[in-house]
Amino acid sequence: MNAPQLRTAVEADAEILARLHARAFPDDPWESRALSRLVALPRMHARLLLSDRKPIGFLLALVVGGEAEILTLCVDPAVRRRGVARALLADLYTAARTARASRVVLEVAADNETARLLYAAEGFAAVGRRPFYYRRPAAAAADALILARPLP
Ligand SMILES: CC(C)(COP(=O)(O)OP(=O)(O)OC[C@H]1O[C@@H](n2cnc3c(N)ncnc32)[C@H](O)[C@@H]1OP(=O)(O)O)[C@@H](O)C(=O)NCCC(=O)NCCS
């Protein structure tokens with residue numbers, strides 16, 4: 001993988017984001033129209049990572065009220081475990097600090113072990129739990145864990 005490039009995601013990227021989201025969350029794909037509205041929101045940190053001009057990952061976070069809340073983080077399965085998520089998170093920490101946020105928060109399904117390993121490696125800790133938050137048509141509902149990481 002050549003040196004990846006990070007850029008702001010805009011409404012015109014909505015189809016690209018939807019394709020990445022569907023590959024990352026096959027059971028819960030977000031529609032491009034919803035993603036288009038999300039990236040256009042004020043104070044949305046929407047960043048897309050490309051390698052050789054190919055989109056390989058993106059992160060959406062709302063930076064508001066002294067906090068950055070990650071709404072989604074998706075990495076193409078073909079390039080996992082190569083630091084893409086870590087790069088998107090580092091970029092968020094920098095932007096959130098600049099906006100004077102003091103912590104990053106997110107919700108993750110309790111059974112999403114890969115994401116939990118990522119966030120643990122990044123210094124996030126559980127600060128809450130929402131029982132049966134993720135309802136699934138073909139499986140039992142999963143709790144949501146609320147994770148937070150300070151931005152010193
Ligand atoms: C979770 C996800 C974003 C990780 O993306 P990634 O680019 O593969 O992660 P990185 O390569 O940056 O990994 C950083 C660290 O996280 C941990 N980690 C990530 N994936 C891991 C795995 N499969 N097993 C163990 N540890 C893992 C490791 O500590 C890793 O560092 P290391 O490779 O030096 O050991 C990706 O798997 C994904 O898109 N999953 C589906 C969507 C999702 O669950 N999103 C997060 C919830 S919002």
Side-chain angles (χ1 to χ4, degrees), residues 1-9 13-32 34-39 41 43-64 67-97 101 103-152:
M1 191 162 74
N2 289 338
Q5 297 132 10
L6 257 175
R7 69 163 172 82
T8 296
D13 295 315
E15 294 288 345
I16 291 171
L17 304 186
R19 275 197 292 276
L20 281 169
H21 194 281
R23 279 165 70 77
F25 294 101
D27 296 335
D28 182 25
W30 289 4
E31 288 179 9
S32 61
L35 285 157
S36 168
R37 280 196 294 270
L38 280 176
V39 298
L41 286 177
R43 291 188 281 282
M44 182 63 70
H45 171 94
R47 300 282 278 169
L48 180 61
L49 197 85
L50 301 105
S51 176
D52 294 331
R53 293 195 214 155
K54 186 175 177 294
I56 55 172
F58 76 98
L59 181 152
L60 299 184
L62 259 184
V63 185
V64 63
E67 277 188 354
E69 181 179 1
I70 297 176
L71 304 185
T72 196
L73 167 59
C74 301
V75 174
D76 189 315
V79 295
R80 295 235 172 114
R81 211 68 198 271
R82 297 189 203 173
V84 172
R86 186 176 279 142
L88 285 161
L89 288 169
D91 173 61
L92 171 64
Y93 305 151
T94 302
R97 278 197 195 97
R103 69 173 193 162
V104 182
V105 296
L106 60 96
E107 264 161 24
V108 65
D111 59 1
N112 187 343
E113 286 175 19
T114 306
R116 289 184 63 181
L117 286 165
L118 165 71
Y119 292 125
E122 285 287 311
F124 285 78
V127 295
R129 178 183 280 265
R130 295 191 173 128
F132 310 114
Y133 186 79
Y134 295 100
R135 298 190 186 275
R136 291 156 178 175
D143 293 354
L145 291 179
I146 303 163
L147 307 183
R149 176 199 193 276
L151 284 174

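Remember, it's 1-based here, ligands and their atoms both numbered in the order they're listed. Source: prediction; values computed, not measured.
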Considering only protein heavy atoms, which is closest to [atom], and at what distance to one decimal place?
| atom | answer |
| --- | --- |
| atom 24 (N) of ligand 1 | R81 NH1, 3.4 Å |
| atom 23 (N) of ligand 1 | T114 CG2, 3.5 Å |
| atom 29 (O) of ligand 1 | A121 CB, 3.4 Å |
| atom 43 (C) of ligand 1 | F25 CZ, 3.3 Å |
| atom 37 (O) of ligand 1 | R80 CD, 3.1 Å |
| atom 12 (O) of ligand 1 | R86 N, 2.9 Å |
| atom 2 (C) of ligand 1 | L118 CD2, 4.3 Å |
| atom 4 (C) of ligand 1 | A85 CB, 3.8 Å |

Just heavy atoms, cut-off under 4.0 Å: does [X] contact ligand 1 by side chain, backbone, both, or neither?
| X | result |
| --- | --- |
| R82 | backbone |
| Y119 | side chain |
| N112 | side chain |

Does the side chain of E69 come within less than 4.5 Å of V63's, by heavy atoms?
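No, their side chains stay 4.5 Å or more apart.
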Which of the atoms of ligand 1 are close to [X], meaning less than 4.0 Å from one of its heavy atoms?
| X | result |
| --- | --- |
| L117 | 24 (N), 25 (C), 26 (N) |
| C74 | 39 (O) |
| V75 | 3 (C), 5 (O), 7 (O), 39 (O) |
| A115 | 1 (C), 44 (O), 46 (C), 47 (C) |
| V84 | 7 (O), 12 (O) |

Charged N to carboxylate O below 4.0 Å: is that the case for R116 and D111?
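No, R116 and D111 are not salt-bridged.
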Apply the test side-chain contact (heavy atoms from CB on, under 4.5 Å) to residues L88 and V84: give CA-CA distance (whole Å), side-chain angles for both, the deciding distance (0.1 Å), then the verdict.
CA-CA 6 Å; L88 285 161; V84 172; 4.1 Å; yes
Within 45° of the ring axis of F124 and under 6.0 Å from its six-membered ring centre, is that where the NZ or CZ of R103 lies?
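No, R103 does not lie over the aromatic ring of F124.
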For the pair D52 (side chain) and K54 (backbone), establish whether a donor and an acceptor sit closer than 3.5 Å, ignoring hydrogens and angles.
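No, the answer is negative, given that no donor and acceptor are paired below the 3.5 Å cut-off.
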Decide yes or no on side-chain contact (heavy atoms from CB on, under 4.5 Å) for D28 and Y134, but give the supporting numbers first.
CA-CA 10 Å; D28 182 25; Y134 295 100; 5.9 Å; no
Applying the side-chain contact (heavy atoms from CB on, under 4.5 Å) test to [X], which of [options] qualifies?
| X | options | answer |
| --- | --- | --- |
| L48 | T8, L17, L60, L6 | L17 |
| V127 | V105, L145, I146, L147 | I146 |
| R19 | E15, R23, H21 | E15 |
| L92 | I70, L151, L73 | I70 |

Should one rank P26, A90, P77, G83 by closest heavy-atom distance to atom 11 (O) of ligand 1, which comes out on top?
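Ranked by closest heavy atom to atom 11 (O) of ligand 1, first place is G83.
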Inter-residue atom distance L59.CG - D91.CG, 0.5 Å rounding
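Rounded to the nearest 0.5 Å, the CG-CG separation comes to 8.0 Å.
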